[in-house]
Trainee: 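Got a structure for you, written out below as structure tokens; questions coming shortly.
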Amino acid sequence: MIGRIFIAVLLLFFSSSFFAQDKFSYTPGVSIQLESILSQKSENNYQYFTTSYSSGASFNLGMTNKVNYKKLFIRLNANIGILSQSQKFTFSNEVDNRIEHEVDYQLLYWSLDYSLGRDFQLNALNKLHVEFGFSTIGDFNSSTLGSEIYQTGSFTSKYVAADDHYNGTSSQEYQYELSYEWQVYLSPFIRCSLSLPSFKNRLNIGVIGRLNNIQFDSFIYITGGNYSAIANSSLNGGSIGLFLNYEF
């Protein structure tokens, strides 16, 4: 009986020591991230179709939750973001040898960031935060029925018919439908920031680098005159950017 009481008191002592206020703390805040998307070369298996994606940009706004034990911490961010980019596609057929058009698009998405990090005390006021983590990223418009069409439109392509050079340049109007299938995926990242005092709170300013910030399949359907074609491609790419955390 005495042994059990002694063990209980010992466990209570260690638990209170572990969760002591000077060792364990919770800090909420808001976060802003602006990242430049570095797109990799897209993939497709069509001889008559090529596509390329420009370098884009993403903007995230979220809530941050940071739990410290001494100098180690765990951070959880819940974010809403928007990605802005452009896609250029080129088709070819027997009549119009080069059907080319560029489309700008924006994708709304959500993300959850999980990271493990450490505080380094630089001086009496400033700290350095270094953290490693993963983001779970998903598209609001994805569903079990497949992706929705984000872009529809038309454009005019000018060409010279192969068997009719005397009539000069001809033109053909085309319609297109574009969809982007964005499944939920993981994006590893590293984040480094400088923590500065701001009134009674703290402001963190830093950089973030992601190995895989964008990943989706693109489907396109194009029609015009007697011509129609379908194709798809895949895209993924990393990013580098800046972020601000304001901790309360």
Side-chain angles (χ1 to χ4, degrees), residues 25-40 53-68 73-87 103-119 126-143 147-148 150-151 178-216 218 235-248:
S25 63
Y26 166 71
T27 308
V30 294
S31 64
I32 297 174
Q33 294 181 174
L34 180 62
E35 299 177 48
S36 176
I37 308 295
L38 308 175
S39 302
Q40 298 179 7
Y53 297 86
S54 69
S55 297
S58 65
F59 175 80
N60 293 337
L61 179 63
M63 298 295 296
T64 178
N65 299 275
K66 182 169 174 276
V67 178
N68 268 81
F73 65 86
I74 297 174
R75 190 192 299 275
L76 172 64
N77 279 18
N79 311 292
I80 295 178
I82 185 169
L83 166 71
S84 180
Q85 205 172 19
S86 64
Q87 177 183 2
V103 177
D104 297 324
Y105 62 88
Q106 291 79 38
L107 297 176
L108 186 67
Y109 63 91
W110 58 264
S111 64
L112 293 175
D113 300 341
Y114 328 86
S115 60
L116 176 65
R118 189 183 190 280
D119 294 336
N126 303 324
K127 299 179 181 179
L128 178 67
H129 293 167
V130 178
E131 52 192 297
F132 303 88
F134 291 88
S135 295
T136 302
I137 304 177
D139 178 14
F140 281 112
N141 294 288
S142 294
S143 68
S147 59
E148 299 179 4
Y150 293 96
Q151 296 282 354
L178 270 170
S179 65
Y180 301 92
E181 184 178 353
W182 190 338
Q183 303 295 335
V184 176
Y185 61 95
L186 286 178
S187 171
F189 66 85
I190 180 173
R191 189 157 47 196
C192 184
S193 62
L194 181 64
S195 179
L196 309 171
S198 177
F199 301 101
K200 296 181 179 181
N201 305 310
R202 298 196 71 84
L203 176 65
N204 302 325
I205 305 173
V207 295
I208 181 172
R210 294 183 187 273
L211 182 63
N212 183 27
N213 193 7
I214 182 172
Q215 177 180 315
F216 61 74
S218 174
L235 174 70
N236 58 73
S239 68
I240 187 170
L242 303 174
F243 79 94
L244 296 175
N245 281 353
Y246 191 80
E247 298 178 347
F248 302 109

Trainee: Any chance CD1 of I74 has more than 12 other-residue heavy atoms, nucleotides or ligands included, within less than 6.0 Å?
Mentor: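 Counting other residues, nucleotides and ligands, CD1 of I74 stays at 12 neighbours or fewer.
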Trainee: Roughly how far, to the nearest 0.5 Å, is the OG atom of S239 from the CD1 atom of I208?
Mentor: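 Taking CD1 in I208 and OG in S239, the distance rounds to 7.0 Å.
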Trainee: Would you find a donor on one side and an acceptor on the other, under 3.5 Å apart, between the side chain of Q40 and the backbone of G238?
Mentor: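 Checked: no pair found.
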Trainee: Return the set of residues passing side-chain hydrogen bond (donor to acceptor under 3.5 Å, both in side chains) with S58 (not counting sequence neighbours), or none when no residue passes.
Mentor: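 Listed in chain order: nothing, the list is empty.
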Trainee: Please examine the side chains of R202 and P197, heavy atoms only from C-beta on, and report whether any two atoms are closer than 4.5 Å.
Mentor: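 P197 vs R202: side chains touch.
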Trainee: Can you tell me if Y185 uses its side chain to pair, donor with acceptor, with the backbone of N213 under 3.5 Å?
Mentor: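 Judged by distance alone, yes, a pair lies under 3.5 Å.
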Trainee: Could you give me the CA-CA distance, side-chain angles and deciding distance for I80 and L61, then say whether side chain to side chain contact (heavy atoms under 4.5 Å, CB included) is met?
Mentor: CA-CA 6 Å; I80 295 178; L61 179 63; 5.8 Å; no
Trainee: Is any side-chain heavy atom of D113 less than 4.5 Å from a side-chain heavy atom of F189?
Mentor: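 A side-chain contact under 4.5 Å exists here.
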Trainee: Using atom types as modelled and distance alone, determine if a side-chain donor or acceptor of S31 lies under 3.5 Å from a backbone N or O of T64.
Mentor: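 Checking the backbone N and O of T64 against the side chain of S31, no donor-acceptor pair under 3.5 Å is found.
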Trainee: Quick check for you: to the nearest 0.5 Å, what is the distance between S135 atom OG and Q33 atom CD?
Mentor: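 Interatomic distance, S135 OG to Q33 CD, rounded to 0.5 Å: 7.0 Å.
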Trainee: Only pairs under 3.5 Å count here: list side-chain donor-acceptor contacts from residues 240-248, not counting sequence neighbours, and write none if there are none.
Mentor:
residue	atom	partner	partner atom	Å
Y246	OH	N201	ND2	3.2
E247	OE2	N204	ND2	2.9

Trainee: If you measure from OH on Y26 to NZ on K66, what distance do you get to the nearest 0.5 Å?
Mentor: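 So the gap between those two atoms works out to 11.5 Å.
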Trainee: Would S84 and D104 satisfy side chain to side chain contact (heavy atoms under 4.5 Å, CB included), going step by step from the backbone distance to the final call?
Mentor: CA-CA 8 Å; S84 180; D104 297 324; over 6 Å; no
Trainee: Any sub-3.5 Å donor-acceptor pair from Q85's side-chain atoms to S54's backbone N or O?
Mentor: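 Present.
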Trainee: Please report the shortest heavy-atom distance between V130 and F73, naming the atom on each side.
Mentor: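 Heavy atoms of V130 and F73 come nearest at O-CZ, 4.3 Å.
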Trainee: Which value, rounded to the nearest 0.5 Å, describes the distance between N77 atom CG and N60 atom CG?
Mentor: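 Those atoms lie 9.5 Å apart.
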Trainee: As a test of understanding, state which of L83, N236, L38, I137 forms a side chain to side chain contact (heavy atoms under 4.5 Å, CB included) with I214.
Mentor: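 Passing option: L83.
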Trainee: Of F59, W182, F216, Y180, which is the lone residue that meets ring-ring contact (aromatic ring centres under 6.0 Å, His included) with Y109?
Mentor: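 With Y109 as partner, ring-ring contact (aromatic ring centres under 6.0 Å, His included) holds for just one option, W182.
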Trainee: Are any of the side-chain heavy atoms of L112 and F134 separated by less than 4.5 Å?
Mentor: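 No - every pair of side-chain heavy atoms lies 4.5 Å or more apart.
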Trainee: Establish, from distance only, whether the side-chain atoms of S111 and N79 form a donor-acceptor pair under 3.5 Å.
Mentor: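 A donor-acceptor contact under 3.5 Å links the two side chains.
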Trainee: I need the L128 CG to S193 OG distance, nearest 0.5 Å.
Mentor: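 It is 7.0 Å, given to the nearest 0.5 Å.
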Trainee: Give the intermediate values and the outcome of side chain to side chain contact (heavy atoms under 4.5 Å, CB included) for residues H129 and R75.
Mentor: CA-CA 11 Å; H129 293 167; R75 190 192 299 275; 3.9 Å; yes
Trainee: What is the distance from atom CD of Q215 to atom CG of D139, rounded to the nearest 0.5 Å?
Mentor: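 If we round to the nearest 0.5 Å, Q215:CD and D139:CG are 12.5 Å apart.
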